[in-house]
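Since the structure comes first, as structure tokens, the remarks are kept for the end.
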Amino acid sequence: MSSLNQALRAALDHRQDLLAELHQQGTDCYRLFHGSQEGAAGLTIDRYGPQLLVQSFHQSLERDALLQLHETISQHLGLHSLLVYNDRSKGNSRIDRDDPVYRVEDAALEDLVGHEWGLNYRVRGRHAGQDPLLFLDLRNARGWVKQHSAGKSVLNLFAYTCGVGLSAAAGGASEVCNLDFAEGNLAVGRENGQLNPQLPKMQFIQSDYFAAIRQLAGLPIIQRRHKLPSYPRLEQRQYDLVLLDPPAWAKSAFGTVDLLRDYQSLLKPALLTTAENGVLICCNNLAKVTMDDWREQVLRCAEKAGRPVRDWQVLSPGSDFPSLDQQPPLKTLILQL
């Protein structure tokens with residue numbers, strides 16, 4: 001047996017109780033192998049409902065090794081999943097659709113449905129950008145929102161495909177607003193809403209973060225050297241529950257998202273947009289930033305913004321995202337204001 005297959009079998013054994021729990025709660029989307037922590041850096045294996053998504057970021061998998069992984073997982077789960085392999089070790093992997101290692105079945109690339117916390121989600125194994133349409137390490141945060149959103153107005157910032165918004169709607173939120181710059185992300189969010197027709201309708205706003213959040217917070221939009229592009233006009237207001245999950249870095253005419261050097265410029269307006277006695281859930285996905293340092297930064301920023309934190313808690317990813325040093329890249333803080 002290869003060392004890779006041994007590592008996979010060990011990972012599957014460690015997940016046995018977790019998978020039983022997830023299946024019971026209506027979840028069939030989870031990480032089966034977290035290579036950086038389980039013996040094969042740069043390799044991830046995720047289940048998305050009927051689909052098995054294998055991705056390599058450092059070097060290509062050989063075909064025989066890929067098929068052996070698929071067979072091992074099929075035996076362990078007792079089902080034959082539709083295999084998709086994305087080799088992302090090459091520089092052009094986000095646009096190159098050549099499939100030299102494994103010719104995927106047509107059925108695996110169709111629009112499929114995965115499930116999490118009893119909700120339906122659109123999943124696509126390969127699409128522009130190749131990032132999964134549901135980031136699995138945020139599952140516990142979506143579950144927390146589902147449990148704590150009854151009767152609350154919810155603002156989902158950097159909403160991506162609106163999983164947090166969908167969870168809030170399922171939890172009985174009085175209002176859900178999803179905000180993201182990319183119309184393609186929001187289009188998938190609308191699909192997710194349509195896949196759950198029993199839920200109330202959500203709101204979708206396509207806008208740059210800084211343009212939107214500064215209006216909601218009652219702050220002026222900073223005029224740069226060049227004329228600003230057009231943007232949706234929003235009224236100042238606050239929400240009972242706000243989620244802030246920004247990318248590591250992004251730049252626009254309105255400002256720069258930089259989690260390492262300037263988290264405060266993202267956090268301050270989000271604090272001001274959170275209602276008195278409300279909850280702000282904030283995330284940081286930079287591995288090089290420690291939880292202790294980032295938490296202190298967040299608490300200081302809240303104090304300076306006049307929105308001191310009454311209580312806070314750390315929400316860790318599920319155990320399908322193990323961290324040997326107990327410092328997972330994704331850090332999530334739940335702030336009671």
Side-chain angles (χ1 to χ4, degrees), residues 138 140-142 144-159 164-165 167-168 171 173-181 203 205 207-222 231-248 250 254-286 289-316 330-337:
L138 200 64
N140 283 351
R142 288 187 289 267
W144 194 96
V145 168
K146 187 170 182 279
Q147 290 180 327
H148 296 88
S149 55
K152 296 180 180 178
S153 57
V154 176
L155 176 62
N156 182 20
L157 300 166
F158 298 99
V164 167
S167 299
S174 60
E175 176 188 4
V176 177
C177 178
N178 297 292
L179 188 143
D180 198 273
F181 178 73
Q203 181 184 4
I205 298 177
S207 175
D208 179 273
Y209 172 76
F210 292 104
I213 197 66
R214 294 187 71 85
Q215 291 181 85
L216 292 172
L219 299 172
I221 294 177
I222 300 172
Y231 54 89
R233 296 313 199 262
L234 303 173
E235 296 293 328
Q236 180 180 353
R237 65 159 297 181
Q238 293 183 323
Y239 291 81
D240 300 318
L241 194 159
V242 177
L243 183 124
L244 175 64
D245 182 19
F254 297 93
T256 299
V257 174
D258 187 342
L259 300 198
L260 181 63
R261 298 173 185 84
D262 192 15
Y263 198 92
Q264 295 92 323
S265 68
L266 305 171
L267 183 62
K268 179 183 175 180
L271 286 160
L272 298 178
T273 308
T274 307
E276 196 72 30
N277 298 316
V279 174
L280 172 61
I281 305 173
C282 49
C283 304
N284 188 322
N285 58 28
L286 284 182
V289 175
T290 68
M291 170 59 84
D292 289 345
D293 289 345
W294 177 60
R295 183 183 64 243
E296 291 307 309
Q297 181 186 61
V298 166
L299 297 179
R300 283 198 308 269
C301 180
E303 193 76 34
K304 289 181 179 179
R307 301 304 313 279
V309 175
R310 294 187 294 109
D311 195 15
W312 57 266
Q313 71 178 92
V314 173
L315 189 63
S316 300
L330 176 64
K331 292 160 284 290
T332 303
L333 281 172
I334 300 175
L335 310 178
Q336 306 280 345
L337 303 184

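Counting all heavy atoms, side chain and backbone alike, Asn285 lies closest to Pro246 at ND2-O, 3.7 Å. The nearest pair of heavy atoms linking Leu280 to Leu271 is CD2-CD2, 3.7 Å. Here the shortest heavy-atom pairing between Val257 and Pro247 reads CG1-O, 3.4 Å. Across every non-hydrogen atom of Pro269 and Leu219, the tightest pair is CB-CD1, 4.1 Å. Contact between Val289 and Trp294 at its shortest, heavy atoms only, is CG1-CB, 3.6 Å. Taking both residues in full, the closest heavy atoms of Arg307 and Leu272 are given as CG-CD2, 4.1 Å, listed atom of the first, atom of the second, then distance.
Atoms CG and CG, from Leu267 and Leu333 in turn, are 9.5 Å apart once rounded to the nearest 0.5 Å. Residue Arg295 holds its CZ atom at 13.0 Å from CG of Asn284, rounded to the nearest 0.5 Å. Interatomic distance, Ser149 OG to Glu175 CD, rounded to the nearest 0.5 Å: 12.5 Å. Between atom CE of residue Met291 and atom CG of residue Leu330 there is a gap of 8.5 Å, rounded to the nearest 0.5 Å.
Of the listed residues (Leu244, Val242, Ile334), just one forms a side chain to side chain contact (heavy atoms under 4.5 Å, CB included) with Ile281, and that residue is Ile334. Between Leu179 and the options Ile205, Asn156, Ile213, Asp208, a side chain to side chain contact (heavy atoms under 4.5 Å, CB included) holds for only Ile205.
Within the 4.5 Å cutoff, the side chain of Val279 has heavy atoms near those of the Gln336 side chain. Within the 4.5 Å cutoff, side-chain heavy atoms of Asn277 are placed close to those of Arg310. Using a 4.5 Å heavy-atom cutoff, the side chains of Leu138 and Val164 are in contact. In this structure the side chain of Leu337 reaches within 4.5 angstrom of the side chain of Val309, judged on heavy atoms. Inter-residue side-chain proximity for Leu266 and Leu259 is flagged as met; some heavy-atom pair is nearer than 4.5 Å. Side-chain contact between Tyr263 and Cys282 is present, with at least one heavy-atom pair separated by less than 4.5 Å. No side-chain heavy atom of Leu243 sits under 4.5 Å from any side-chain heavy atom of Leu157. Using a 4.5 Å heavy-atom threshold, the side chains of Val314 and Lys331 count as separate.
Few gaps surround NZ on Lys152; more than 12 heavy atoms of other groups in view lie less than 6.0 Å from it. The local environment of CZ in Arg261 is sparse, with at most 12 non-hydrogen atoms from other residues, nucleotides or ligands closer than 6.0 Å. Surrounding CZ of Phe210 are more than 12 heavy atoms belonging to other residues, nucleotides or ligands, all under 6.0 Å away.
Panel note: side chain Arg214, backbone Pro220; a donor-acceptor pair is recorded below 3.5 Å. For Asp245 (side chain) and Phe158 (main-chain N/O), no donor-acceptor pair under 3.5 Å exists by modelled atom type. Proximity of a side-chain donor or acceptor of Thr332 to a complementary backbone N or O of Cys283 within less than 3.5 Å is not detected. Using modelled atom types, one side-chain atom of Gln215 and one backbone atom of Ala211 make a donor-acceptor pair closer than 3.5 Å. For Asp240 (side chain) and Ser153 (main-chain N/O), a donor-acceptor pair under 3.5 Å exists by modelled atom type.
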Practice item. Could you walk me through whether Val298 and Trp312 pass the side-chain contact (heavy atoms from CB on, under 4.5 Å) test, one step at a time? Key: CA-CA 11 Å; Val298 166; Trp312 57 266; over 6 Å; no
